[in-house]
Amino acid sequence: MLIVANWKAYVGNREEAKKLLATAKRLAGKTRKLSLVLAPSFPHLGLLAPGNRSKVKFAAQDLSETSVGPATGEVQGEILYDIGARYVIIGHSERRALGETDALIAEKAKRAFAAGLIPILCVGERERDEDAQYLAELRAQLSTVYAALSPRDRSRVIVAYEPVWAIGRRAEDAITPHDLAEMVLYIRKVLADHMPPKTAKAATILYGGSVEPGNARSLVKEGGVEGLLVGRASVESATFTALVKSLR
Ligand code: PGA
C-alpha cells in the first residue's frame, strides 16, 4: 500500500519539516507492507531528500514543462531527481485551478518520465452533476495524458483520484467507499482504452480528498484503491501517525 503525504504549502519552517520526516521514518521502519512518500515544498525537498537513506521516499509537488536552461523560476524534473525525488505530483486540482490544462499536464508527464520520475497524476471531477457529465470530465483528464505516453510509461503512471468537492474538508465530506469503488472501476475501464486490460487492472490507483484517521481504512479496504494521497492530515505528526497505524 502506498501513502503519499502532500504537504502542500502547510509546512512553514524547517523544524516542522524535519519533525514530520522523523515521524515518517519511524512509521516506515515499523511496517513492511506500507510505502511512505513525502511531498514537501521545493525548498524542503532540497533540505530533506539529499542523503536520505531511509525507506521513506520523496515526491515533488509539481515540475516544470520546460527543459533545463533559461526558464526563470521554473524547476525541472532533472533537478528534482538529482536532489532525491523519485515521484512527482502532476495535475493537482489546486494547480488546475491556476489554469493548468490537460495538454500541459500531459507535457509534464512526459518530462517526468524523461527525468526518471514516476508521475502521480491527479484527476477528479469538480462536481457531480445528475446527467453524469463528470465521467466525461474524468475520461478527458486521463485520456489526454495517457495518449501522450509510450506503452511502457502508461503502465507506470500512478493515478490519484481526487474529486475536487472532497478536497480539504472533513471526513464526512469524503467520498463513500461504495462510490469510490465504482469510480475506481470506471478509471480502470478508461485506462483499458490505452493499455491491455490486464495492465489496466494492475495500475496503481490512489484516493485523495478529506482522508483522516477515521476513514482511511474503509476507503482503502472497501474502495478498492492501492493507497491514499493525504493533504491536511499528513502535516500534523499525531494525526498522520494515527492514520498510518489505522492501515496496518
Ligand atoms: P486533503 O487534500 O487530504 O487535505 O483533502 C488532499 C489533496 O489535495 O491531495
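Just so we're clear, the structure is a prediction, and the values are computed from it rather than from any experiment. Atoms within a ligand are numbered from 1 in the order they appear, just like the ligands themselves.
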Original post:
Any idea which of E162, Q61, E212 brings a heavy atom closest to atom 7 (C) of ligand 1?
Top reply: E162
Subject >> atom 3 (O) of ligand 1: the protein heavy-atom neighbour that sits closest, reported with distance to 0.1 Å >> reply: G231 N, 2.8 Å
Original post:
Does ligand 1 have an atom under 4.0 Å from some heavy atom of S210?
Top reply: yes
Original post:
So with a 6.0 Å cut-off around CZ of R156, is the heavy-atom count from everything else above 12?
Top reply: yes
**OP:** Please state which part of I167 comes within less than 4.0 Å of ligand 1, counting heavy atoms only: side chain, backbone, both or neither.
**Re:** both
Subject >> Distance, nearest 0.5 Å, that separates CD of Q141 from CZ of R139 >> reply: 12.5 Å
**OP:** Report, in ascending order of atom number, the atoms of ligand 1 lying under 4.0 Å from any heavy atom of N6.
**Re:** 9 (O)
Subject >> More than 12 heavy atoms from other groups under 6.0 Å of CZ on R128 >> reply: yes
**OP:** Enumerate the atoms of ligand 1 whose separation from the nearest heavy atom of R232 is less than 4.0 angstrom.
**Re:** 1 (P), 3 (O), 4 (O)
Subject >> Numbered atoms and elements of ligand 1 in range of G168, under 4.0 angstrom, heavy atoms >> reply: 1 (P), 4 (O), 5 (O)
Subject >> Passing candidate, salt bridge (Lys or Arg N to Asp or Glu O under 4.0 Å) with E226, options K33, K221, R188 >> reply: R188
Subject >> Backbone or side-chain N or O of G208 under 3.5 Å from ligand 1 N or O >> reply: no
**OP:** Say whether G209 and ligand 1 are in contact under the criterion: heavy-atom distance to a ligand atom below 4.0 Å.
**Re:** yes
Original post:
Is the count of non-hydrogen atoms from other residues, nucleotides or ligands lying under 6.0 Å from R248 atom CZ greater than 12?
Top reply: yes
Original post:
Within a radius of less than 6.0 Å around NZ of K55, do more than 12 heavy atoms belonging to other residues, nucleotides or ligands occur?
Top reply: yes
Original post:
From E212 CD over to L219 CG, what is the distance, rounded to the nearest 0.5 angstrom?
Top reply: 10.5 Å
Original post:
Counting heavy atoms only, which of H92, R170, R169 comes nearest to atom 8 (O) of ligand 1?
Top reply: H92
Original post:
What pairs meet the ring pair (Phe, Tyr, Trp, His ring centres under 6.0 Å) rule with one or both residues in residues 155-211, with sequence neighbours excluded?
Top reply: Y146-H194
**OP:** Please report which non-hydrogen protein atom sits nearest to atom 2 (O) of ligand 1, along with the residue it belongs to and the distance in Å to one decimal place.
**Re:** K8 NZ, 3.2 Å
